[in-house]
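See structure below.
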Amino acid sequence: MTKYSNSGEHVGELLSGYIDGELTQQERQRVRLHCDSCADCDSTLTDLRRLRQRIGEARLSDKDRDNWRESMDDTTVKATRGIGWLLLIGGALIGVGVGVYEFIITPSTLSFIEKLIVGGVYGGMLLIFISVLRQRLIERKSDRYKDVEI
Ligand SMILES: [Zn+2]
């Protein structure tokens, strides 16, 4: 009859709780003492610890990968959309600019004033075009926020 008479019993069912810190001090002591003298339970404890660690690492790396993918997607989408708008607006500006320039330098029956008026009309159309584009962009942004709220 010793104080640790039950240290001979295997503690397999306590090991998981031991790692998770869910045992009472008495139970923890029993596991420690038993594992000091029982190679079976000691190796089970080591295996369990490794398993927990691997699960933890897997979860962590999954999260990291998701975060990375999310931020990549976000950046790529923003950059692509930005370049798209830049090309669209830049192309429209150049197209209209060239059109107006050619229209003004091309000899025709129209007087310079008449050309300026027509040029003004095209310029106005361009401004409307740009403002519509801006409006679309703003609407699209607020649509996205609406989606998030729903
Ligand atoms: Zn044991």
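In each ligand, atom 1 is the first atom listed, and ligand 1 is the first ligand listed. Residue indices begin at 1 and follow the sequence shown.
Note on C41: counted as a metal contact of the Zn ion (ligand 1), an N/O/S atom lying under 2.8 Å.
Of all N/O/S atoms in H10, ND1 sits nearest the Zn ion (ligand 1).
Considering only heavy atoms from C-beta on, Y18 comes within 4.5 Å of R49 through its side chain. Looking only at side-chain heavy atoms (C-beta outward), D20 and R52 come within less than 4.5 Å of each other.
Between the Q29 side chain and the Q26 main chain, no donor and acceptor come within less than 3.5 Å of each other. Listed for the H34 side chain is a donor-acceptor partner under 3.5 Å among the backbone atoms of E9.
The angle that H34 NE2 and C38 SG make at the Zn ion (ligand 1), rounded to 10°, works out to 100°.
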